[in-house]
Amino acid sequence: MTSTPSPRTLPRAGVADTLRVVGSVLLPTIARGVIIRRPSVVGLLERADADRRSVQLLQRLRRTYGSGPLRLRIPGRRMVVLLDHRDVRRVLAETPEPFTPATREKRAALGHFQPHGVLVSQGSDREDRRRFNESVLDTPSPVHRGADGMVGGVRAEVDSLLGQVRRDGALTWAPYSAMWDRMVRRVVLGEGALADRALSDELRTLRATANWAFLHPRRRRLRERFLNRIESHVRRADPGGLAGSMAAAPWTERTDPVQQVPQWLFAFDAAAWASFRALALLHTHPEQLARARAEIAGRDLDRPQDLPFLRATMLESLRLWPTTPAVLRESITRTLWEGGPMPERTSILTYAPLFHRDDEHLEYAHAFDPEVWLDPTRAADWPLIPFSDGPAVCPGRNLVLHVSSSILAMLLEATELDLDQAERLEPLPGTLDPFTLRFPVSQRSGGVASRGA
Ligand code: HEM
């Protein structure tokens with residue numbers, strides 16, 4: 001007797017489990033601010049150890065329903081959450097088609113200030129804008145071709161921060177983030193943008209609006225003023241910033257170079273949080289701090305340097321606390337999976353912390369282990385995806401790792417710091433609020449060195 005196989009369908013979460021995913025994974029991700037962070041919410045989430053709970057929930061769903069993709073019961077919406085590492089690799093590799101990064105949510109949010117940005121572009125527009133981004137950002141190079149021109153500006157900003165640390169007796173978030181804003185204007189648009197604080201303020205307002213995506217009306221006049229401001233900096237094409245590389249990059253009438261710039265400005269924020277957390281990791285792990293110091297000993301940090309250990313430290317900070325926890329895709333066509341078909345227009349959620357902190361699969365899940373990034377065999381087959389992966393991987397990855405590892409190096413070279421409330425990192429929490437980290441100048445040693453001293 002032959003039996004006909006029953007038509008297979010992807011597993012579907014029950015109502016209670018769907019509500020749990022909405023409450024523990026989706027809402028906190030939205031509440032903390034997708035386009036700009038809301039510091040008060042991040043503090044609350046640390047106290048609730050929110051990301052650890054979300055990971056535990058998704059691990060339980062994987063045991064209950066199998067490895068998915070798991071459909072959620074959300075009215076009026078097709079949505080799945082990925083629970084299997086092979087599915088994550090597939091979706092990221094098969095981007096932008098059939099899995100587009102330009103999801104409805106991202107188009108609604110980024111439409112507030114960069115509707116032509118590559119991340120929310122599709123088809124040949126995406127191809128064209130991606131090529132432009134990769135060229136200006138010098139995507140494949142560990143050290144950007146324009147780094148010689150950038151490093152002096154970065155150094156000047158770090159020196160002025162160090163002066164503040166000396167006066168305050170501590171390194172805290174507010175001056176760090178002010179330094180970061182100035183540094184970013186310099187690196188992206190050149191020295192001529194240094195004084196343009198209004199540019200950063202306007203972008204902050206537009207991002208706060210974008211956090212509300214569909215729910216907030218567009219601020220069209222502000223957007224126009226902001227984009228005009230960028231255009232005037234781009235025209236100047238200062239050689240010390242990315243703007244200086246734009247004229248030589250391949251562009252066509254569909255590229256819209258000016259609208260690629262806001263993402264370069266705001267994406268740097270993630271590295272401010274990650275580098276501040278990286279400092280906290282180093283100052284609670286003396287052996288790793290010693291390795292970092294050994295890496296920079298004797299180097300001339302006024303010249304661009306590739307610093308593999310500090311780079312790996314940044315990557316570990318981003319693994320432990322990914323700054324893009326929800327990597328979203330949307331299926332354009334119907335696709336087939338081991339468990340059954342997935343219809344077109346399905347939103348696909350990869351919750352990065354599930355894979356970065358999956359203690360059912362990774363022995364280093366909750367440890368600070370830079371070796372993971374230095375030994376390519378350690379994570380070869382596993383989705384550690386702070387910068388996403390595949391054809392839509394962050395094209396600024398190398399640039400931002402280089403800039404932030406250089407800043408860490410300059411800070412370490414000049415300071416001996418401690419960390420207040422170091423117990424917040426023991427054990428390493430699921431969520432770490434960077435905005436309340438405080439590093440007093442160490443009383444045991446020289447404190448903050450002056451340059452040339
Ligand atoms: C630590 C800092 C950063 C992190 C963790 C990061 C992470 C990411 C991630 C996860 C994506 C994919 C988003 C998605 O698929 O929805 C992305 C895309 C992108 N990032 Fe970054 N990024 C960082 C900094 C930067 C910087 C500094 C730049 C530019 C100067 C940049 C430029 C871009 C662009 C243009 C895209 C869109 C790529 C595309 O759609 O093809 N990023 N980034």
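Note that ligands are numbered from 1 as they come in the structure, with each ligand's atoms numbered from 1 the same way. Heavy atoms only: backbone and side chains are in, while hydrogens, waters and symmetry mates are out.
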Verdict with reasoning, Arg126 to Thr100, per side-chain contact (heavy atoms from CB on, under 4.5 Å): CA-CA 10 Å; Arg126 154 168 272 281; Thr100 177; 5.6 Å; no
message: As a quick check of understanding, evaluate side-chain hydrogen bond (donor to acceptor under 3.5 Å, both in side chains) for Arg345 and Ser331, giving each step before the final call.
response: CA-CA 5 Å; Arg345 288 174 65 79; Ser331 62; over 6 Å; no
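Looking only at protein heavy atoms, the nearest one to atom 3 (C) of ligand 1 is Phe387 CE2, 3.5 Å. Scanning the protein heavy atoms around atom 39 (C) of ligand 1, the nearest turns out to be Arg126 NH2, 3.3 Å.
Residue contact check: Thr323 has heavy atoms under 4.0 Å from atoms 5 (C) of ligand 1. Close approach of ligand 1 to Pro386 (heavy-atom distance below 4.0 Å) involves ligand atoms 5 (C), 7 (C), 10 (C). For ligand 1, the atoms sitting less than 4.0 Å from at least one non-hydrogen atom of Ala267 are 2 (C), 23 (C), 24 (C), 25 (C), 26 (C), 28 (C), 31 (C), 42 (N), numbered in the order shown with element in parentheses. Using a 4.0 Å cut-off to heavy atoms of Ser388, the atoms of ligand 1 that qualify are 10 (C), 12 (C). Using a 4.0 Å cut-off to heavy atoms of Lys106, the atoms of ligand 1 that qualify are 14 (C), 15 (O), 16 (O). Heavy-atom proximity to Ala271, at under 4.0 Å, picks out these atoms of ligand 1: 1 (C), 2 (C).
Under the 4.5 Å side-chain criterion, counting only non-hydrogen atoms from C-beta, Ile230 is in contact with Leu199.
Side-chain atoms of Arg424 and Thr436 include a donor-acceptor pair closer than 3.5 Å. Side-chain contact annotation: Thr335 with Trp337, donor-acceptor N/O pair under 3.5 Å present. With 3.5 Å as the limit, one finds no donor-acceptor pair spanning the side chains of Gln114 and Asp256. Between the side chains of Ser141 and Asn398, no donor N or O sits under 3.5 Å from an acceptor N or O. If you check the side chains of Arg129 and Ser121, you find a donor sitting under 3.5 Å from an acceptor.
Between the choices His144, Arg397, Gln263, Arg129, the shortest heavy-atom distance to atom 19 (C) of ligand 1 belongs to Gln263. With atom 18 (C) of ligand 1 as the reference point, the heavy atom nearest to it among Ser275, Pro262, Cys394 is part of Cys394. Nearest to atom 15 (O) of ligand 1 by heavy atom, out of Gln260, Met314, Arg329, is Arg329.
Looking at Arg90 and Asp87, no side-chain N of the basic residue comes within less than 4.0 Å of a carboxylate O on the acidic one, giving no salt bridge.
In terms of polar-atom proximity, defined here as any N/O pair under 3.5 Å, Asn133 makes no such contact with ligand 1. Looking at Thr324 next to ligand 1, no N or O pair under 3.5 Å apart turns up.
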